[in-house]
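Here's the structure, in structure tokens; my notes come after.
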Amino acid sequence: MNMNYLLCGVGGQGTVLAAKVLAAAAIAKGEEVKTTETIGMAQRGGSVTSYVRTGYGIHSPIIPLGTADVIIGFEPGEVVRNLKYLKKGGTVVVSTKSVMPVTAALTNSTYNGEEMVEYIKKAAENVIIIDGEKLCNECGSDKVLNVILLGAAIKSGAVGITLEETKDALLKRLPAKLHDLNIKALELGMRG
Amino acid sequence: MPEQLVMGNEAIAFGAIKAGVKMVAGYPGTPSTEVLETIAKNNNGNIHVEWSINEKAALEVGAGAAYAGARTLVTMKQVGLNVASDPLMSLNYVGVKGGMVILVADDPGPISSQTEQDTRHYAKFAKMMVFDPSSPKEAYEMIQDAFEYSEKYGEPVFMRPTTRICHGYQTIELSTEAEEREVEGFVKDSDRWVIFPKLSYNNHIKLEKKLVEISEDFNTYRFNTVTGKGTKGIIASGVGYEYVKEVVGDREDIKIFKVATANPFPEKLALEFLEGLDSVLAMEELDPVLEREITYVCGKYNVNAKVYGKLTGHVVNAGELSADKAAESIAEFLGEENVFAANQISAEGAPELPARPPVLCPGCPHRASFYAVKVAMKGKKTRYCGDIGCYTLGNAMPLDMVDTCLCMGAGLTMAQGFAHAEEDVYSFGFIGDSTFFASGMTGVVNAVYNQANITIVLLDNSTTAMTGHQPHPGTGRTMMGDVVNCVDPEMILKGMGVKTVVTADPLDLENAVEVVKKTAEEKGVKAIIFKSPCIAVTKPAQREVIDEDKCINCKKCIKELGCPAIVLKDGKAFIEKSMCFGCSVCETVCPVQAISKAGGDK
Ligand SMILES: Cc1ncc(C[n+]2csc(CCOP(=O)(O)OP(=O)(O)O)c2C)c(N)n1
Ligand code: SF4
Ligand code: SF4
């Protein structure tokens, strides 16, 4: 089955690894994959969006508007920015913790994540809200948000790959000493 | 090897290795950079790979190797070809012996470039073949074809991917075998290799004849195809073709002409496409090149089909294309509904989103350099000519230290223009180290010779940061893995006749300010080299903390520096531990010494 995933967040949050895992799990099943990223200029702190398309007869590397099956959002404002890509009836998995823009201190920005989450709940049908900060603390690492969100996405049943497939693809990409931590993060993500 | 996910630029690199490339030279530039880097990483030792100092040098190094019979790849971004255009416009007349592919990556958007220029115009201008892949997989095959065509006709050829091809990934089955090829060696022949007006005239005649032959050849080129039937047709190329396919799917009632070679245009195949059509839509990134070609063919052969596209306002004529934009244009063209519109969620009532503009990293030495000049020159009439690199971001608030930015190398020379035109100003030219080697040095000689009254500020961060931290002559590392003598900008400047050349550490802010104050007052050409590594090529120092009791909440650190590690927490300045690089510049800026190195933990 063809699937379109959109992963979005802020530079440094690990969106790209999560995208690679989704892609690898699909490749292991013998599917074709196209992915691409949009990253602003090289510096840290900008918006990052990864598009992953799996299945057969895929053309555009970027998902057309209104065709994403799943949005995995690492930051609520970034999800709002990309909601136009979600198809009607698609699923959003979103971490509630907002990341202030690096220029916030200068511009007196009043950006707040709660307002974003409220809007997402209203605009999309299937929304899974994850307290990413709390679950990261439970794991004892702020580097596993990506894996927690993958776990939550699998649990939702909206992604086309299983827990086992994800585990395989994930552990292949990580050094052995990080395996336990990441399995724990996957499980916590599935618990929600 | 089984199918794996490969980046377009990697696919091009592996295709070139497979084709037996012997010489690879280029200059970094997004989105082209990973092609050369991938070849260097997978070099079995048989390939010479180099970052040349600029694109002109790369093309000329490549020309030598190709004259000797080696298969040669030269890589650059689109604006790089402007720099390399001088050798290019003669090389086409002379031709090559070993296959030569000039890979030029175009950047619709533009996403990380100063222009939206279209390299296919250069192909027409220089009367050269151009190959335009529509996917990473095709790019892998096409670069191999490109070498074949180059050798078949004895001409250099362009390969012109765009950002979505270069940086898109696709599952591809790669071969890691490299074709074994002998390099015959140079054969002296002045009638062939030494360009003179007579040779140019003769070769011009030959070149025009060749173009007709190649156009004929391209009618059957495997990646130029005509499919479907009916009275409506779409002509498309590159990723634009994939967008069209995304919209029309497997529909058979629309004719599609996929053009992989915009120059020379496959005219016969175009006629086959036009057969039975009453209207044509052109879908291509950047300029309406195919659109003009097909319009020309209609006129030439008296075909009565109406051509729609950018020239008629039916396709956007600036910025990147997308499947969505293609869907809009195609819906209008066919008089049908937009295939993607039905399923979209309305954006009504969406809250305002935060902007996330690019900024200099926490601890970036450029921040300190700009700040030092700003403080030193406060209240004086100044002109700050910037240049291209991470340091262009010195334009952002609160530094606001870039008055102009034009193209690589222009900072130093434009500063001279200001100095001659406005005698009462302090004119500064800022330039990065990689940019200095690429195109700054000639500007220095110009200033010395023509007695300009300028201050050169060389921002030496020991890397080419903007394009992903490539080595350059000042770093002493090569793409062959060798460690060589560093080329020293201080010696270059002195050797060129700059009398005052001061090297200073910008992170020692107080001294840096003094150096600027003193140096800027001298007459003539003087230079300050601010030397401190980019944070990507060095280790962090002990981070800083703000002592809440000492802090008087003046927010000077935030308002003056704009370091992303200093945030507002409960209305007060606070240093985000995970982001601080410990450059200590904020420590100097704080008027009450509330900021100091954290004890113990880093
Ligand atoms: C003619 C041309 N070639 C290549 C580029 C791509 N490019 C942008 S900035 C840059 C060099 C930046 O290095 P440096 O001057 O050392 O500044 P830094 O980014 O390290 O601050 C390059 C090669 C370009 N813009 N123009
Ligand atoms: S990458 Fe290096 S040069 Fe560029 S902004 Fe960051 S620290 Fe500065
Ligand atoms: S917080 Fe201060 S010491 Fe840390 S990176 Fe920013 S300016 Fe440098």
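Keep in mind that what you see is a predicted model, and the values were worked out from it rather than measured.
- Both the backbone and the side chain of A:Leu86 come within less than 4.5 Å of a heavy atom in chain B.
- Put simply, of B:Val339, B:Leu568, B:Asp324, the one with the most heavy-atom pairs under 4.5 Å next to chain A is B:Asp324.
- Taking a 6.0 Å sphere around NZ of A:Lys143, one finds it holds 12 or fewer heavy atoms contributed by other residues, nucleotides or ligands.
- Remark: B:Arg356 CZ to A:Thr103 OG1 distance equals 8.5 Å, nearest 0.5 Å.
- Scanning both residues, B:Ser135 and A:Lys34, for their nearest heavy atoms gives CB-NZ, 4.2 Å.
- Residue contact with chain A, scored on non-hydrogen atoms closer than 4.5 Å, involves the backbone of B:Ile566 exclusively.
- For a residue to count as touching a neighbouring chain, one of its non-hydrogen atoms must lie under 4.5 Å from one of that chain's; by this rule B:Val239 touches chain A with the side chain only.
- Residue B:Asp250 places its CG atom among 12 or fewer non-hydrogen atoms of other residues, nucleotides or ligands, all under 6.0 Å distant.
- If you take CD on B:Glu352 and CE on A:Met116, they are separated by 8.0 Å, rounding to the nearest 0.5 Å.
- Of the listed residues (B:Glu242, B:Met397, B:Gln170), the one with the most heavy-atom contacts under 4.5 Å to chain A is B:Glu242.
- We find the CD1-OH distance between B:Ile345 and A:Tyr85 to be 13.5 Å, quoted to the nearest 0.5 Å.
- Side chain to side chain, B:Glu246 and A:His59 fail the donor-acceptor criterion of an N or O pair below 3.5 Å.
- The distance from atom OG1 of A:Thr38 to atom CZ of B:Arg164, rounded to the nearest 0.5 Å, is 6.0 Å.
- Highest contact tally toward chain A, considering only B:Pro354, B:Cys563, B:Ala323, is held by B:Pro354 [criterion: heavy-atom pairs under 4.5 Å].
- When heavy atoms are compared at a cutoff of 4.5 Å, B:Ala342 approaches chain A solely by way of its backbone atoms N, CA, C and O.
- Residue contact with chain B, scored on non-hydrogen atoms closer than 4.5 Å, is absent for A:Glu125.
- Enclosure of atom NZ in B:Lys569 is not indicated, since only 12 or fewer non-hydrogen atoms of other residues, nucleotides or ligands lie within 6.0 angstrom.
- Top candidate by heavy-atom pairs under 4.5 Å with chain B, chosen from A:Glu37, A:Lys122, A:Glu78, A:Glu31, is A:Glu78.
- The shortest distance between side-chain heavy atoms of A:Pro61 and B:Tyr243 falls below 4.5 Å.
- Across A:Ile62, A:Val52, A:Leu65, the residue that shares the most heavy-atom pairs under 4.5 angstrom with chain B is A:Leu65.
- When each of B:Ser322, B:Ala350, B:Ala341 is checked for heavy-atom pairs under 4.5 Å with chain A, B:Ala350 comes out on top.
- Within a 6.0 Å sphere centred on NZ of A:Lys134, heavy atoms belonging to other residues, nucleotides or ligands number 12 at most.
- The shortest heavy-atom contact between A:Pro101 and B:Ala355 is CB-O, 3.4 Å.
- When all heavy atoms of A:Thr36 and B:Gly168 are compared, the pair lying nearest together is OG1-CA, 3.8 Å.
- Shortest non-hydrogen contact noted between A:Val80 and B:Pro351 is CG1-CD, 4.3 Å.
- Going from atom OG1 of A:Thr35 over to atom CG of B:Leu5 covers 4.5 Å, rounded to the nearest 0.5 Å.
- Considering every non-hydrogen atom in both B:Pro398 and A:Leu106, the closest pair reads CD-CD1, 3.5 Å.
- Interatomic distance, CZ of B:Phe340 versus OG1 of A:Thr67, reported as 6.5 Å (0.5 Å rounding).
- You'll find the side chain of A:Lys88 stays beyond 4.5 Å of the side chain of B:Gln344, heavy atoms only.
- At a 4.5 Å heavy-atom cutoff, the contact between B:Lys559 and chain A is made by backbone atoms alone.
- When every heavy atom of B:Ser346 is checked against every heavy atom of A:Tyr119, the shortest pair comes out as O-OH, 3.7 Å.
- Between B:Lys137 and A:Glu32 there is no salt bridge, since none of the side-chain N atoms of the basic residue sits less than 4.0 Å from a carboxylate O of the acidic one.
- No part of B:Glu576 comes within reach of chain A, as not one of its non-hydrogen atoms sits under 4.5 angstrom from that chain.
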